[in-house]
Amino acid sequence: MLSSLYIENIAVIEKASIDFESGFTCLTGETGAGKSIIIDAIQAVMGDRVSKDLIRTGTDSASVSAMFTDLKPTVIEKLDELGVPHDEDELQLVRTIRQGRNTQKANGMPITAAMLKEIGNTLININGQHESYELLTPEIHGRYIDTYGNLGELISEYQSEYTRLREIQRELESLKMDENQKARRIDLLRYQIDEIRAADVKPGEREELKKRADQISHGEQISNDVREAKELLNGDTDFEGAITFVHRAAELAESAARSHLPLTATAEELRNAEYLLQDAEAELRSFEDSFDFDPAELADIEDRLDLLYRLSLKYGETEQDILKFLDESQKELDTIELADEKMEILATEFEEVKAKAIALAKKLSEKRKECSVKFSQEVKNQLKFLNMPSVEFAVRQDRVPLNKFGCDSMEFMVSANSGESLKPMSKIASGGELSRIMLAIKTVLSKGDNIDTLIFDEIDTGISGEAGRKVGLKLREAAGNRQVICITHLAQIAAMAENQMLIVKHDNGARTYTEVKLLDHDARLKELARIIGGDDITPLKLKMAEEMLSLN
(Lines give C-alpha, C1' and ligand atoms only; values in the text may rest on other atoms or scores of the structure.)
Protein backbone atom coordinates (compact mmCIF):
# COMPACT_ATOMS: atom_id res chain seq x y z
CA MET A 1 0.00 0.00 0.00
CA LEU A 2 0.96 3.68 -0.32
CA SER A 3 2.52 4.57 3.04
CA SER A 4 3.86 8.06 2.42
CA LEU A 5 4.09 10.72 -0.25
CA TYR A 6 6.57 13.59 -0.34
CA ILE A 7 5.94 16.40 -2.84
CA GLU A 8 8.29 19.28 -3.56
CA ASN A 9 7.72 22.24 -5.90
CA ILE A 10 4.67 20.79 -7.65
CA ALA A 11 2.41 23.72 -8.67
CA VAL A 12 1.25 25.50 -5.47
CA ILE A 13 2.72 22.80 -3.23
CA GLU A 14 6.16 23.96 -2.08
CA LYS A 15 6.72 21.02 0.26
CA ALA A 16 4.23 18.50 1.55
CA SER A 17 4.73 15.22 3.38
CA ILE A 18 1.67 12.97 3.64
CA ASP A 19 1.51 9.72 5.63
CA PHE A 20 -1.29 7.38 4.59
CA GLU A 21 -2.94 4.65 6.63
CA SER A 22 -4.56 1.46 5.47
CA GLY A 23 -8.34 1.37 5.05
CA PHE A 24 -10.43 4.29 3.79
CA THR A 25 -8.89 7.80 3.71
CA CYS A 26 -10.63 10.96 2.48
CA LEU A 27 -8.99 14.20 1.36
CA THR A 28 -11.17 17.30 1.57
CA GLY A 29 -10.69 21.04 1.20
CA GLU A 30 -11.88 24.14 -0.58
CA THR A 31 -12.08 24.14 -4.37
CA GLY A 32 -8.68 25.17 -5.72
CA ALA A 33 -6.80 24.23 -2.55
CA GLY A 34 -4.67 21.71 -4.42
CA LYS A 35 -6.48 18.37 -4.13
CA SER A 36 -6.15 17.59 -7.83
CA ILE A 37 -2.44 18.51 -7.66
CA ILE A 38 -1.89 15.65 -5.21
CA ILE A 39 -3.46 13.30 -7.77
CA ASP A 40 -1.20 14.81 -10.46
CA ALA A 41 1.81 14.16 -8.21
CA ILE A 42 0.79 10.52 -7.63
CA GLN A 43 0.24 10.01 -11.36
CA ALA A 44 3.69 11.48 -12.02
CA VAL A 45 5.44 9.11 -9.60
CA MET A 46 3.46 6.23 -11.16
CA GLY A 47 5.06 6.97 -14.55
CA ASP A 48 2.32 8.93 -16.35
CA ARG A 49 3.25 11.70 -18.77
CA VAL A 50 3.87 14.98 -16.97
CA SER A 51 3.80 18.59 -18.10
CA LYS A 52 6.65 20.95 -17.28
CA ASP A 53 3.90 23.35 -16.15
CA LEU A 54 3.68 21.29 -12.94
CA ILE A 55 7.02 22.76 -11.81
CA ARG A 56 6.41 25.47 -9.23
CA THR A 57 6.98 29.00 -10.57
CA GLY A 58 10.47 30.26 -9.77
CA THR A 59 12.07 26.82 -9.44
CA ASP A 60 14.02 24.68 -11.90
CA SER A 61 12.74 21.27 -10.87
CA ALA A 62 10.08 19.39 -8.95
CA SER A 63 10.08 15.97 -7.34
CA VAL A 64 7.71 13.36 -5.95
CA SER A 65 8.70 10.47 -3.70
CA ALA A 66 6.34 7.62 -2.79
CA MET A 67 6.96 4.84 -0.26
CA PHE A 68 5.07 1.56 -0.54
CA THR A 69 4.96 -1.18 2.10
CA ASP A 70 3.52 -4.71 2.37
CA LEU A 71 4.21 -5.36 -1.31
CA LYS A 72 2.05 -7.94 -3.04
CA PRO A 73 3.57 -10.87 -5.00
CA THR A 74 2.62 -9.24 -8.32
CA VAL A 75 4.74 -6.20 -7.40
CA ILE A 76 7.68 -8.40 -6.36
CA GLU A 77 7.44 -10.32 -9.65
CA LYS A 78 7.48 -7.10 -11.67
CA LEU A 79 10.50 -5.74 -9.75
CA ASP A 80 12.37 -9.02 -10.31
CA GLU A 81 11.46 -8.95 -14.00
CA LEU A 82 12.86 -5.41 -14.35
CA GLY A 83 15.94 -6.13 -12.24
CA VAL A 84 15.02 -3.61 -9.53
CA PRO A 85 16.53 -4.37 -6.07
CA HIS A 86 13.92 -4.56 -3.35
CA ASP A 87 13.14 -5.39 0.21
CA GLU A 88 10.04 -7.60 0.26
CA ASP A 89 8.25 -5.09 2.49
CA GLU A 90 9.31 -1.72 1.01
CA LEU A 91 9.63 0.10 -2.30
CA GLN A 92 10.52 3.75 -2.80
CA LEU A 93 9.78 5.43 -6.13
CA VAL A 94 11.20 8.89 -6.89
CA ARG A 95 10.55 11.04 -9.94
CA THR A 96 12.29 14.36 -10.60
CA ILE A 97 10.75 16.68 -13.18
CA ARG A 98 13.03 19.21 -14.87
CA GLN A 99 12.82 21.65 -17.73
CA GLY A 100 15.25 19.28 -19.42
CA ARG A 101 15.11 15.52 -18.97
CA ASN A 102 13.12 13.87 -16.17
CA THR A 103 14.73 11.17 -14.01
CA GLN A 104 13.24 8.20 -12.18
CA LYS A 105 14.51 5.88 -9.46
CA ALA A 106 13.21 2.72 -7.80
CA ASN A 107 14.89 1.93 -4.48
CA GLY A 108 17.76 4.20 -5.54
CA MET A 109 18.28 2.50 -8.94
CA PRO A 110 17.85 4.73 -12.03
CA ILE A 111 15.03 3.44 -14.27
CA THR A 112 13.22 4.60 -17.41
CA ALA A 113 9.79 6.24 -17.44
CA ALA A 114 8.44 3.12 -19.16
CA MET A 115 9.76 0.91 -16.34
CA LEU A 116 8.25 3.28 -13.77
CA LYS A 117 4.89 2.99 -15.56
CA GLU A 118 5.07 -0.81 -15.49
CA ILE A 119 5.79 -0.80 -11.76
CA GLY A 120 3.10 1.81 -11.09
CA ASN A 121 0.44 -0.30 -12.83
CA THR A 122 0.94 -3.01 -10.18
CA LEU A 123 0.65 -0.59 -7.25
CA ILE A 124 -2.17 1.92 -7.74
CA ASN A 125 -5.39 2.19 -9.72
CA ILE A 126 -6.41 5.86 -10.11
CA ASN A 127 -10.02 6.62 -11.06
CA GLY A 128 -10.31 10.25 -12.09
CA GLN A 129 -13.33 12.30 -13.14
CA HIS A 130 -12.48 11.82 -16.81
CA GLU A 131 -12.81 8.05 -16.47
CA SER A 132 -16.53 8.36 -15.72
CA TYR A 133 -16.94 10.18 -19.02
CA GLU A 134 -15.00 7.41 -20.76
CA LEU A 135 -18.15 5.37 -20.18
CA LEU A 136 -19.73 7.46 -22.93
CA THR A 137 -17.26 5.92 -25.41
CA PRO A 138 -18.49 2.43 -26.46
CA GLU A 139 -14.97 1.35 -27.52
CA ILE A 140 -14.00 1.35 -23.82
CA HIS A 141 -16.81 -1.01 -22.79
CA GLY A 142 -15.29 -4.09 -24.44
CA ARG A 143 -12.08 -3.60 -22.49
CA TYR A 144 -14.00 -3.76 -19.19
CA ILE A 145 -15.62 -7.06 -20.22
CA ASP A 146 -12.24 -8.50 -21.26
CA THR A 147 -10.71 -7.43 -17.95
CA TYR A 148 -13.60 -8.90 -15.99
CA GLY A 149 -13.32 -12.23 -17.81
CA ASN A 150 -9.49 -12.41 -17.62
CA LEU A 151 -9.47 -12.85 -21.39
CA GLY A 152 -5.98 -11.37 -21.91
CA GLU A 153 -4.34 -14.65 -22.92
CA LEU A 154 -7.06 -15.51 -25.45
CA ILE A 155 -6.95 -11.96 -26.86
CA SER A 156 -3.17 -12.18 -27.29
CA GLU A 157 -3.53 -15.51 -29.11
CA TYR A 158 -6.18 -14.04 -31.42
CA GLN A 159 -4.23 -10.83 -32.06
CA SER A 160 -1.16 -12.86 -33.05
CA GLU A 161 -3.18 -14.60 -35.78
CA TYR A 162 -4.92 -11.39 -36.81
CA THR A 163 -1.61 -9.54 -37.13
CA ARG A 164 -0.23 -12.30 -39.37
CA LEU A 165 -3.45 -12.21 -41.41
CA ARG A 166 -3.00 -8.48 -42.05
CA GLU A 167 0.66 -8.99 -42.97
CA ILE A 168 -0.24 -11.64 -45.56
CA GLN A 169 -2.98 -9.39 -46.90
CA ARG A 170 -0.52 -6.52 -47.36
CA GLU A 171 1.94 -8.87 -49.12
CA LEU A 172 -0.77 -10.07 -51.49
CA GLU A 173 -1.79 -6.50 -52.29
CA SER A 174 1.81 -5.57 -53.05
CA LEU A 175 2.11 -8.52 -55.46
CA LYS A 176 -1.08 -7.73 -57.35
CA MET A 177 -0.35 -6.02 -60.67
CA ASP A 178 -2.20 -6.10 -64.00
CA GLU A 179 -0.44 -7.91 -66.85
CA ASN A 180 0.34 -4.77 -68.90
CA GLN A 181 1.79 -3.01 -65.88
CA LYS A 182 3.77 -6.14 -65.01
CA ALA A 183 5.18 -6.43 -68.56
CA ARG A 184 6.24 -2.79 -68.62
CA ARG A 185 7.95 -3.10 -65.25
CA ILE A 186 9.77 -6.30 -66.25
CA ASP A 187 11.04 -4.67 -69.49
CA LEU A 188 12.34 -1.64 -67.61
CA LEU A 189 14.04 -3.74 -64.94
CA ARG A 190 15.70 -6.01 -67.49
CA TYR A 191 16.97 -3.01 -69.47
CA GLN A 192 18.45 -1.43 -66.33
CA ILE A 193 20.00 -4.71 -65.17
CA ASP A 194 21.51 -5.43 -68.60
CA GLU A 195 22.90 -1.91 -68.90
CA ILE A 196 24.65 -2.05 -65.52
CA ARG A 197 25.94 -5.58 -66.01
CA ALA A 198 27.27 -4.75 -69.50
CA ALA A 199 29.20 -1.86 -67.99
CA ASP A 200 30.89 -4.26 -65.52
CA VAL A 201 31.12 -1.55 -62.87
CA LYS A 202 33.77 -2.02 -60.16
CA PRO A 203 33.92 -0.17 -56.82
CA GLY A 204 36.54 2.62 -56.79
CA GLU A 205 36.98 2.41 -60.57
CA ARG A 206 36.53 6.09 -61.34
CA GLU A 207 39.23 7.22 -58.92
CA GLU A 208 41.73 4.79 -60.45
CA LEU A 209 40.83 5.90 -63.98
CA LYS A 210 41.27 9.57 -63.07
CA LYS A 211 44.74 8.86 -61.65
CA ARG A 212 45.72 6.91 -64.79
CA ALA A 213 44.40 9.68 -67.05
CA ASP A 214 46.49 12.23 -65.17
CA GLN A 215 49.55 10.00 -65.64
CA ILE A 216 49.04 9.67 -69.37
CA SER A 217 48.30 13.36 -69.96
CA HIS A 218 51.65 14.18 -68.32
CA GLY A 219 53.41 11.11 -69.79
CA GLU A 220 55.88 12.87 -72.09
CA GLN A 221 56.99 15.27 -69.38
CA ILE A 222 57.38 12.37 -66.90
CA SER A 223 59.42 10.35 -69.43
CA ASN A 224 61.75 13.26 -70.22
CA ASP A 225 62.30 14.05 -66.55
CA VAL A 226 63.16 10.44 -65.74
CA ARG A 227 65.57 10.12 -68.67
CA GLU A 228 67.39 13.35 -67.79
CA ALA A 229 67.63 12.38 -64.12
CA LYS A 230 69.06 8.99 -65.13
CA GLU A 231 71.66 10.62 -67.43
CA LEU A 232 72.76 13.03 -64.71
CA LEU A 233 73.44 10.07 -62.48
CA ASN A 234 75.04 7.77 -65.08
CA GLY A 235 76.47 10.21 -67.67
CA ASP A 236 76.72 9.62 -71.46
CA THR A 237 79.34 9.79 -74.21
CA ASP A 238 79.90 13.51 -73.66
CA PHE A 239 80.11 13.75 -69.85
CA GLU A 240 80.47 11.65 -66.78
CA GLY A 241 77.56 11.31 -64.31
CA ALA A 242 77.25 11.94 -60.61
CA ILE A 243 77.80 8.27 -59.74
CA THR A 244 81.27 8.37 -61.37
CA PHE A 245 82.24 11.52 -59.49
CA VAL A 246 81.01 10.16 -56.15
CA HIS A 247 82.83 6.87 -56.83
CA ARG A 248 86.11 8.74 -57.31
CA ALA A 249 85.51 10.90 -54.26
CA ALA A 250 84.91 7.77 -52.14
CA GLU A 251 88.17 6.16 -53.40
CA LEU A 252 90.17 9.31 -52.64
CA ALA A 253 88.65 9.63 -49.16
CA GLU A 254 89.40 5.96 -48.43
CA SER A 255 93.00 6.48 -49.54
CA ALA A 256 93.37 9.48 -47.26
CA ALA A 257 91.74 7.61 -44.38
CA ARG A 258 94.37 4.94 -44.49
CA SER A 259 96.88 7.57 -43.42
CA HIS A 260 94.46 9.70 -41.35
CA LEU A 261 91.95 7.56 -39.46
CA PRO A 262 89.47 10.40 -38.58
CA LEU A 263 88.49 10.46 -42.31
CA THR A 264 87.24 6.86 -42.19
CA ALA A 265 83.64 7.85 -41.37
CA THR A 266 83.58 10.38 -44.19
CA ALA A 267 84.89 7.82 -46.65
CA GLU A 268 82.13 5.39 -45.58
CA GLU A 269 79.47 8.04 -46.08
CA LEU A 270 80.70 8.77 -49.59
CA ARG A 271 80.71 5.05 -50.42
CA ASN A 272 77.13 4.71 -49.09
CA ALA A 273 76.11 7.73 -51.17
CA GLU A 274 77.45 5.96 -54.25
CA TYR A 275 75.37 2.87 -53.48
CA LEU A 276 72.24 4.99 -52.94
CA LEU A 277 72.77 6.78 -56.24
CA GLN A 278 73.22 3.44 -58.01
CA ASP A 279 69.92 2.18 -56.48
CA ALA A 280 68.10 5.35 -57.55
CA GLU A 281 69.45 5.05 -61.09
CA ALA A 282 68.30 1.41 -61.26
CA GLU A 283 64.77 2.39 -60.16
CA LEU A 284 64.65 5.19 -62.75
CA ARG A 285 65.78 2.75 -65.44
CA SER A 286 63.16 0.20 -64.41
CA PHE A 287 60.41 2.85 -64.45
CA GLU A 288 61.53 4.07 -67.87
CA ASP A 289 61.41 0.52 -69.26
CA SER A 290 57.88 -0.15 -67.94
CA PHE A 291 56.28 3.30 -68.31
CA ASP A 292 53.69 3.40 -71.08
CA PHE A 293 51.69 6.52 -71.91
CA ASP A 294 50.01 5.72 -75.18
CA PRO A 295 47.78 8.76 -75.94
CA ALA A 296 45.20 6.39 -77.46
CA GLU A 297 44.60 4.90 -73.99
CA LEU A 298 43.60 8.35 -72.73
CA ALA A 299 40.69 8.42 -75.16
CA ASP A 300 39.52 5.02 -73.92
CA ILE A 301 39.69 6.19 -70.31
CA GLU A 302 37.68 9.30 -71.09
CA ASP A 303 35.02 7.15 -72.79
CA ARG A 304 34.86 4.89 -69.74
CA LEU A 305 34.57 7.84 -67.37
CA ASP A 306 31.78 9.27 -69.48
CA LEU A 307 29.88 5.94 -69.32
CA LEU A 308 30.25 5.78 -65.55
CA TYR A 309 29.05 9.38 -65.27
CA ARG A 310 25.91 8.61 -67.30
CA LEU A 311 25.22 5.54 -65.18
CA SER A 312 25.62 7.60 -62.01
CA LEU A 313 22.95 10.04 -63.20
CA LYS A 314 20.49 7.15 -63.51
CA TYR A 315 21.40 4.71 -60.79
CA GLY A 316 23.41 6.36 -58.03
CA GLU A 317 26.29 8.71 -57.40
CA THR A 318 29.00 6.16 -56.63
CA GLU A 319 29.89 2.77 -58.07
CA GLN A 320 28.63 1.21 -54.81
CA ASP A 321 25.26 2.97 -55.30
CA ILE A 322 25.03 1.69 -58.88
CA LEU A 323 25.76 -1.89 -57.78
CA LYS A 324 23.20 -1.57 -54.97
CA PHE A 325 20.61 -0.44 -57.51
CA LEU A 326 21.50 -3.48 -59.62
CA ASP A 327 21.00 -5.82 -56.65
CA GLU A 328 17.65 -4.27 -55.70
CA SER A 329 16.43 -4.33 -59.29
CA GLN A 330 17.33 -8.01 -59.62
CA LYS A 331 15.42 -8.80 -56.43
CA GLU A 332 12.36 -6.89 -57.65
CA LEU A 333 12.51 -8.66 -61.01
CA ASP A 334 12.74 -12.04 -59.29
CA THR A 335 9.76 -11.11 -57.09
CA ILE A 336 7.61 -10.05 -60.04
CA GLU A 337 8.54 -13.07 -62.14
CA LEU A 338 7.80 -15.38 -59.20
CA ALA A 339 4.75 -13.36 -58.06
CA ASP A 340 2.14 -15.81 -59.33
CA GLU A 341 3.82 -18.71 -57.55
CA LYS A 342 4.28 -16.69 -54.35
CA MET A 343 0.69 -15.43 -54.49
CA GLU A 344 -0.57 -19.01 -54.58
CA ILE A 345 1.48 -19.87 -51.50
CA LEU A 346 0.35 -16.72 -49.68
CA ALA A 347 -3.28 -17.23 -50.66
CA THR A 348 -3.21 -20.72 -49.16
CA GLU A 349 -1.56 -19.42 -45.98
CA PHE A 350 -4.08 -16.56 -45.86
CA GLU A 351 -7.01 -18.95 -45.79
CA GLU A 352 -5.36 -21.08 -43.09
CA VAL A 353 -4.58 -18.10 -40.86
CA LYS A 354 -8.02 -16.59 -41.53
CA ALA A 355 -9.70 -19.82 -40.39
CA LYS A 356 -7.64 -19.78 -37.17
CA ALA A 357 -8.41 -16.10 -36.55
CA ILE A 358 -12.14 -16.60 -37.13
CA ALA A 359 -12.21 -19.62 -34.80
CA LEU A 360 -10.41 -17.65 -32.06
CA ALA A 361 -12.63 -14.60 -32.62
CA LYS A 362 -15.75 -16.77 -32.23
CA LYS A 363 -14.33 -18.36 -29.09
CA LEU A 364 -13.53 -14.90 -27.73
CA SER A 365 -17.04 -13.75 -28.64
CA GLU A 366 -18.63 -16.64 -26.75
CA LYS A 367 -16.49 -15.95 -23.68
CA ARG A 368 -17.50 -12.28 -23.81
CA LYS A 369 -21.14 -13.26 -24.05
CA GLU A 370 -20.85 -15.43 -20.93
CA CYS A 371 -18.92 -12.75 -19.05
CA SER A 372 -21.37 -10.00 -20.08
CA VAL A 373 -24.31 -11.76 -18.39
CA LYS A 374 -22.45 -12.18 -15.09
CA PHE A 375 -20.87 -8.71 -15.31
CA SER A 376 -24.24 -7.04 -15.96
CA GLN A 377 -25.86 -8.74 -12.97
CA GLU A 378 -23.01 -7.81 -10.61
CA VAL A 379 -22.97 -4.19 -11.79
CA LYS A 380 -26.77 -4.01 -11.42
CA ASN A 381 -26.53 -5.31 -7.85
CA GLN A 382 -23.92 -2.69 -7.01
CA LEU A 383 -26.04 0.08 -8.56
CA LYS A 384 -29.12 -0.93 -6.60
CA PHE A 385 -27.09 -0.52 -3.42
CA LEU A 386 -25.90 2.89 -4.72
CA ASN A 387 -29.47 4.23 -4.69
CA MET A 388 -30.43 3.25 -8.22
CA PRO A 389 -33.07 0.63 -7.30
CA SER A 390 -34.86 0.57 -10.66
CA VAL A 391 -31.74 0.39 -12.80
CA GLU A 392 -31.41 -2.10 -15.62
CA PHE A 393 -27.94 -2.73 -17.02
CA ALA A 394 -26.94 -4.94 -19.94
CA VAL A 395 -24.18 -5.33 -22.50
CA ARG A 396 -25.16 -5.21 -26.17
CA GLN A 397 -22.91 -7.40 -28.29
CA ASP A 398 -22.99 -6.95 -32.08
CA ARG A 399 -21.07 -8.90 -34.70
CA VAL A 400 -18.64 -6.76 -36.76
CA PRO A 401 -15.94 -7.56 -39.33
CA LEU A 402 -12.68 -8.93 -37.93
CA ASN A 403 -10.50 -6.28 -36.33
CA LYS A 404 -7.67 -6.30 -33.80
CA PHE A 405 -10.16 -6.77 -30.93
CA GLY A 406 -12.06 -9.65 -32.50
CA CYS A 407 -15.48 -9.69 -34.15
CA ASP A 408 -17.51 -7.92 -31.46
CA SER A 409 -18.79 -4.43 -30.82
CA MET A 410 -19.64 -4.09 -27.13
CA GLU A 411 -21.77 -1.31 -25.65
CA PHE A 412 -23.27 -0.79 -22.19
CA MET A 413 -27.03 -0.30 -22.20
CA VAL A 414 -28.82 1.36 -19.26
CA SER A 415 -32.31 2.09 -18.08
CA ALA A 416 -32.18 4.22 -14.94
CA ASN A 417 -35.94 4.38 -14.31
CA SER A 418 -38.79 1.86 -14.27
CA GLY A 419 -40.67 1.49 -17.52
CA GLU A 420 -37.88 2.89 -19.69
CA SER A 421 -36.26 0.73 -22.34
CA LEU A 422 -32.54 0.05 -22.37
CA LYS A 423 -30.62 2.72 -24.26
CA PRO A 424 -26.91 3.44 -24.93
CA MET A 425 -25.32 4.99 -21.88
CA SER A 426 -24.30 8.13 -23.78
CA LYS A 427 -27.98 8.97 -24.34
CA ILE A 428 -29.40 8.66 -20.85
CA ALA A 429 -26.77 8.85 -18.09
CA SER A 430 -26.42 12.03 -16.00
CA GLY A 431 -23.19 13.07 -14.27
CA GLY A 432 -24.30 11.54 -10.97
CA GLU A 433 -25.40 8.33 -12.65
CA LEU A 434 -22.09 8.09 -14.53
CA SER A 435 -20.17 8.43 -11.26
CA ARG A 436 -22.15 5.65 -9.61
CA ILE A 437 -21.98 3.39 -12.63
CA MET A 438 -18.21 3.85 -12.76
CA LEU A 439 -17.93 3.09 -9.04
CA ALA A 440 -20.07 -0.02 -9.51
CA ILE A 441 -17.92 -1.19 -12.44
CA LYS A 442 -14.67 -0.52 -10.56
CA THR A 443 -16.04 -2.39 -7.53
CA VAL A 444 -16.87 -5.41 -9.69
CA LEU A 445 -13.52 -5.32 -11.49
CA SER A 446 -11.52 -4.84 -8.29
CA LYS A 447 -12.63 -8.26 -7.01
CA GLY A 448 -10.39 -9.92 -9.57
CA ASP A 449 -7.33 -7.65 -9.56
CA ASN A 450 -4.29 -7.53 -7.28
CA ILE A 451 -3.95 -3.75 -7.00
CA ASP A 452 -3.48 -2.82 -3.35
CA THR A 453 -4.41 0.88 -3.57
CA LEU A 454 -7.49 2.43 -5.19
CA ILE A 455 -7.69 6.20 -5.59
CA PHE A 456 -10.96 7.96 -6.48
CA ASP A 457 -10.78 11.59 -7.58
CA GLU A 458 -14.18 13.25 -6.94
CA ILE A 459 -16.29 10.13 -7.49
CA ASP A 460 -19.13 12.19 -5.97
CA THR A 461 -19.73 14.35 -9.08
CA GLY A 462 -23.46 14.93 -9.44
CA ILE A 463 -24.29 12.94 -6.28
CA SER A 464 -25.93 14.15 -3.05
CA GLY A 465 -28.09 13.01 -0.14
CA GLU A 466 -28.68 9.29 0.39
CA ALA A 467 -26.84 8.39 -2.84
CA GLY A 468 -23.74 10.06 -1.43
CA ARG A 469 -24.01 8.04 1.79
CA LYS A 470 -24.34 4.83 -0.22
CA VAL A 471 -21.23 5.74 -2.25
CA GLY A 472 -19.38 6.30 1.02
CA LEU A 473 -20.52 2.91 2.31
CA LYS A 474 -19.37 1.24 -0.90
CA LEU A 475 -15.94 2.89 -0.65
CA ARG A 476 -15.73 1.82 3.01
CA GLU A 477 -16.63 -1.73 1.95
CA ALA A 478 -13.95 -1.68 -0.80
CA ALA A 479 -11.41 -0.64 1.85
CA GLY A 480 -12.03 -3.87 3.72
CA ASN A 481 -9.32 -5.69 1.78
CA ARG A 482 -7.28 -2.83 0.28
CA GLN A 483 -6.33 0.80 0.73
CA VAL A 484 -8.85 3.32 -0.63
CA ILE A 485 -8.05 7.03 -0.97
CA CYS A 486 -10.79 9.41 -2.07
CA ILE A 487 -10.90 13.12 -2.86
CA THR A 488 -14.42 14.39 -2.19
CA HIS A 489 -16.57 17.49 -1.69
CA LEU A 490 -19.38 15.48 -0.10
CA ALA A 491 -19.78 15.28 3.69
CA GLN A 492 -21.65 11.96 3.47
CA ILE A 493 -18.60 10.33 1.86
CA ALA A 494 -15.98 12.07 4.03
CA ALA A 495 -17.81 10.97 7.19
CA MET A 496 -17.48 7.31 6.16
CA ALA A 497 -13.68 7.52 6.02
CA GLU A 498 -11.53 6.01 8.72
CA ASN A 499 -9.01 8.82 8.22
CA GLN A 500 -9.55 12.35 6.94
CA MET A 501 -7.01 14.87 5.68
CA LEU A 502 -7.57 18.54 5.00
CA ILE A 503 -5.89 20.32 2.13
CA VAL A 504 -5.51 24.03 2.84
CA LYS A 505 -4.17 26.78 0.59
CA HIS A 506 -2.36 29.72 2.24
CA ASP A 507 -1.33 33.08 0.79
CA ASN A 508 1.37 34.98 2.68
CA GLY A 509 1.29 37.93 0.31
CA ALA A 510 4.35 36.89 -1.63
CA ARG A 511 3.64 33.25 -2.47
CA THR A 512 0.80 30.76 -2.41
CA TYR A 513 1.39 27.33 -0.90
CA THR A 514 -0.64 24.26 0.07
CA GLU A 515 -0.60 22.35 3.35
CA VAL A 516 -1.98 18.87 4.13
CA LYS A 517 -3.20 18.14 7.68
CA LEU A 518 -4.36 14.90 9.28
CA LEU A 519 -7.55 15.76 11.19
CA ASP A 520 -8.39 14.58 14.70
CA HIS A 521 -12.00 14.09 15.81
CA ASP A 522 -12.71 17.76 16.63
CA ALA A 523 -11.05 19.00 13.46
CA ARG A 524 -13.08 16.50 11.43
CA LEU A 525 -16.29 17.84 12.96
CA LYS A 526 -15.40 21.40 11.90
CA GLU A 527 -14.39 20.32 8.39
CA LEU A 528 -17.57 18.28 7.92
CA ALA A 529 -19.62 21.22 9.18
CA ARG A 530 -17.87 23.48 6.65
CA ILE A 531 -18.63 21.04 3.82
CA ILE A 532 -22.28 20.86 4.93
CA GLY A 533 -22.94 24.59 5.08
CA GLY A 534 -19.92 26.79 4.40
CA ASP A 535 -17.42 28.66 6.56
CA ASP A 536 -20.02 29.83 9.09
CA ILE A 537 -19.72 26.95 11.58
CA THR A 538 -22.85 26.80 13.75
CA PRO A 539 -23.78 24.41 16.61
CA LEU A 540 -26.45 22.85 14.36
CA LYS A 541 -23.91 22.10 11.64
CA LEU A 542 -21.53 20.62 14.21
CA LYS A 543 -24.35 18.47 15.54
CA MET A 544 -25.10 17.22 12.03
CA ALA A 545 -21.41 16.45 11.54
CA GLU A 546 -21.30 14.60 14.87
CA GLU A 547 -24.30 12.53 13.83
CA MET A 548 -22.66 11.64 10.51
CA LEU A 549 -19.49 10.46 12.22
CA SER A 550 -21.43 8.49 14.80
CA LEU A 551 -23.06 6.41 12.04
CA ASN A 552 -19.68 4.89 11.11
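What you see below is based on every heavy atom in this structure, not just the backbone, and it leaves out hydrogens, waters and symmetry mates.
A donor-acceptor contact closer than 3.5 angstrom links the side chains of Asn381 and Gln377. Side-chain contact, Asn102 with Lys52: a donor N or O sits under 3.5 Å from an acceptor N or O. A donor-acceptor contact closer than 3.5 angstrom links the side chains of Ser365 and Asp408. Between the side chains of Thr453 and Gln483, at least one donor N or O lies within less than 3.5 Å of an accepting N or O. Side-chain N/O atoms of Thr103 and Arg98 include a donor and acceptor closer than 3.5 Å. A side-chain donor from one of Arg166 and Gln169 sits under 3.5 Å from a side-chain acceptor of the other.
Between the side chain of Arg396 and the backbone N or O of Glu411, no donor-acceptor pair lies under 3.5 Å. In this structure a side-chain-to-backbone donor-acceptor pair under 3.5 Å is missing from Asp194 to Gln192. Put simply, the side chain of Thr59 never gets that close to the backbone of Ile55: no donor and acceptor are under 3.5 Å apart.
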Are Gln104 and Thr112 close enough, and set up right, to give a side chain to side chain donor-acceptor pair (under 3.5 Å), and what steps lead you there?
CA-CA 6 Å; Gln104 303 78 213; Thr112 65; over 6 Å; no
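Aromatic rings from Phe405 and Tyr162 are positioned such that their centres are separated by 6.0 Å or more.
The aromatic rings of Tyr144 and Phe412 sit parallel, their planes meeting at an angle under 30°, below the 60° perpendicular limit.
Salt bridge status for Glu281 with Arg227: absent, with no side-chain N to carboxylate O gap under 4.0 Å. The residues Arg185 and Asp187 are annotated as not salt-bridged, no charged nitrogen and carboxylate oxygen being separated by less than 4.0 angstrom. A salt bridge links Lys78 to Glu81: at least one charged side-chain nitrogen sits closer than 4.0 Å to a carboxylate oxygen.
In summary, of the residues considered (Arg368, Lys369, Glu139, Arg143), a side-chain contact (heavy atoms from CB on, under 4.5 Å) with Met410 occurs for Arg368 alone.
For Cys407 against Arg399, the heavy-atom pair with the smallest separation is O-CD, 3.1 Å.
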